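Here the structure is laid out as structure tokens; the discussion comes afterwards.
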Amino acid sequence: MRSFPGATRGGDDDPNAMRCAVIIPAAGSGTRFGGDLPKQFLPLGGRPLIAHTIGRFHRHPSVERIVVCVSPDHLATMQEIADHFRWGNVKIVRGGESRQESVLRGADSLVRGGLGDDSIVAAHDAVRPFVPADLLDRLLEALAHADGAVPATMPTDTIHRIDGGVVVETPDRSLLAAAQTPQCFRLGVLQSALARAIEEGWPATDEAAAVARCGYRVRVIEGDPRNIKITRPVDFESAVRELANWSDE
Ligand code: CTP
Ligand code: MG
């Protein structure tokens with residue numbers, strides 16, 4: 001693995017593993033999914049969906065600490081989950097009104113916890129429970145050559161730009177990438193980009209959009225098709241099927 005300034009190394013199992021912190025935004029209400037309980041807390045194979053997500057990072061040798069951002073209504077639920085699994089290095093903070101605000105609150109909490117601007121941080125959707133360990137390894141490797149590293153899959157559908165329900169443009173599909181998480185950055189870069197995005201009202205559904213718009217170079221690496229996001233009920237059905245392929249817990 002290549003070295004770069006400010007990187008810290010080490011890990012319980014792999015002495016060469018790079019260290020990182022993980023921010024897990026989990027303060028959404030799941031409007032597209034529906035239901036009373038936000039989707040991240042629904043039981044999947046006998047444990048809350050978010051417990052699968054956190055567990056994968058908790059077991060990863062490069063992950064030093066995790067901060068989970070939840071809505072005020074679910075702070076107690078999240079604390080119960082963390083206590084049940086005895087996760088010592090998981091901090092729970094209040095999320096914000098938007099995903100950007102939730103991730104920024106997580107970043108601020110890491111700074112308060114003593115992490116410097118050069119520390120490496122990964123932001124990951126609470127509702128992507130099948131994040132493979134090697135995906136984080138590849139992202140940390142890619143971050144050595146860029147200001148950010150994000151995984152993406154190449155769209156298989158044709159994507160149109162529409163206006164009023166009418167096709168106005170059809171971008172070349174080979175120039176499009178469908179972003180996943182985790183998305184990795186230096187803490188200072190992520191924090192300043194999100195603060196600016198919020199202040200200036202930039203619409204962004206991921207961190208890469210804000211960081212790239214600030215002029216930083218965000219490298220795209222190959223995502224993993226198993227790393228699905230639970231957005232609608234049909235995705236939960238896919239997750240139940242996918243769970244059978246994961247025997248590491
Ligand atoms: N999120 C967050 N804070 C918000 C909004 C979203 O932490 N204010 C999190 C969600 O909990 C989720 C991720 O960001 O882990 C984005 O996934 P998404 O599918 O958009 O979740 P929701 O925003 O909950 O769903 P919806 O957009 O359908 O309301
Ligand atoms: Mg959302």
Side-chain angles (χ1 to χ4, degrees), residues 21-44 47-58 63 66-82 87 90-110 121-131 135-136 148 150-153 178-185 190-191 193-195 197-199 201-211 223-240 242:
V22 180
I23 299 171
I24 301 189
S29 52
T31 47
R32 287 169 291 179
F33 194 94
D36 293 334
L37 186 64
K39 56 194 179 179
Q40 54 271 33
F41 299 111
L42 289 178
L44 172 66
R47 64 179 69 180
L49 194 158
I50 193 171
H52 293 271
T53 313
I54 296 173
R56 287 193 211 292
F57 289 106
H58 194 260
V63 174
I66 299 170
V67 52
V68 189
C69 317
V70 295
S71 75
D73 289 350
H74 296 97
L75 285 168
T77 307
M78 192 60 235
Q79 190 61 58
E80 271 173 38
I81 296 170
W87 290 322
V90 175
K91 187 161 185 219
I92 301 165
V93 301
R94 286 166 78 123
E97 289 298 309
S98 66
R99 182 207 157 89
Q100 290 174 333
E101 286 171 55
S102 293
V103 175
L104 181 57
R105 279 170 180 260
D108 291 345
S109 141
L110 291 172
V121 59
H124 182 75
D125 295 325
V127 290
R128 288 187 192 266
F130 303 112
V131 50
L135 183 58
L136 182 58
V150 306
T153 56
Q180 301 182 334
T181 68
Q183 302 197 345
C184 296
F185 310 93
L190 177 67
Q191 208 185 14
L194 288 178
I198 291 164
E199 201 178 297
W202 297 346
T205 47
D206 75 352
E207 288 64 55
V211 170
D224 193 306
R226 296 170 296 173
N227 184 24
I228 55 170
K229 179 154 130 350
I230 313 303
T231 305
R232 298 186 173 82
V234 67
D235 303 316
F236 197 85
E237 291 165 26
S238 304
V240 170
E242 180 64 21

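Atoms within a ligand are numbered from 1 in the order they appear, just like the ligands themselves. For the numbers below, each heavy atom of this structure counts, side chains included, while hydrogens, waters and symmetry mates do not. From a predicted model like this one, the values you see are computed outputs, not experimental measurements.
Closest of all the heavy-atom pairs between E207 and Q183 is N-OE1, 3.2 Å. In terms of heavy-atom proximity, A179 sits nearest to D206 at CB-OD2, 3.5 Å. When all heavy atoms are compared, the tightest approach of V70 to M78 is CG1-CG, 3.9 Å. For P25 against S102, the heavy-atom pair with the smallest separation is CB-CB, 4.2 Å. In this structure, E101 and G96 approach most closely via the heavy-atom pair CB-CA, 3.9 Å.
Between T231 and ligand 1, not a single N/O pair is under 3.5 Å apart. When only interatomic distances are considered, the shortest N/O to N/O separation between G96 and ligand 1 falls below 3.5 Å. Looking at F33 next to ligand 1, no N or O pair under 3.5 Å apart turns up. The shortest N or O to N or O distance between E97 and ligand 1 is under 3.5 Å. Considering backbone and side-chain atoms alike, C69 places every N or O at 3.5 Å or more from each N or O of ligand 1.
Of all atoms in ligand 1, listed by their number and element, those nearer than 4.0 Å to a heavy atom of S29 are 24 (O). Each of the atoms 18 (P), 19 (O), 20 (O), 26 (P), 27 (O), 28 (O) of ligand 1 lies under 4.0 Å from some heavy atom of R32. Contact atoms of ligand 1 toward Q40: 11 (O) (distance under 4.0 Å to a heavy atom of the residue). For ligand 1, the atoms lying closer than 4.0 Å to a non-hydrogen atom of A126 are 15 (O). Set against the non-hydrogen atoms of S102, the atoms of ligand 1 under 4.0 Å away are 2 (C), 3 (N), 4 (C), 7 (O), 8 (N).
Proximity annotation for atom 24 (O) of ligand 1: of P25, A26, P38, G30, G30 comes nearest, heavy atoms only.
Atom 16 (C) of ligand 1 has as its closest protein heavy atom R99 NH1, 3.7 Å. The protein non-hydrogen atom at the shortest distance from atom 7 (O) of ligand 1 is A27 N, 2.8 Å. Among protein heavy atoms, the minimum distance from atom 6 (C) of ligand 1 is reached at G28 CA, 3.5 Å.
Judged by the shortest distance from any of its heavy atoms, K39 lies inside the 4.0 Å radius around the atoms of ligand 1. The closest approach between G95 and ligand 1 stays at or above 4.0 Å for every heavy atom of the residue.
No side-chain heavy atom of L75 sits under 4.5 Å from any side-chain heavy atom of V93.
Using a 3.5 Å distance cut-off with no hydrogens or angles, the side chains of H74 and S71 do pair a donor with an acceptor.
F236 and F33 have perpendicular rings, their planes meeting at more than 60° on a 0 to 90° scale where under 30° would count as parallel.
Between R99 and D125 a salt bridge is recorded (basic side-chain N to carboxylate O distance below 4.0 Å).
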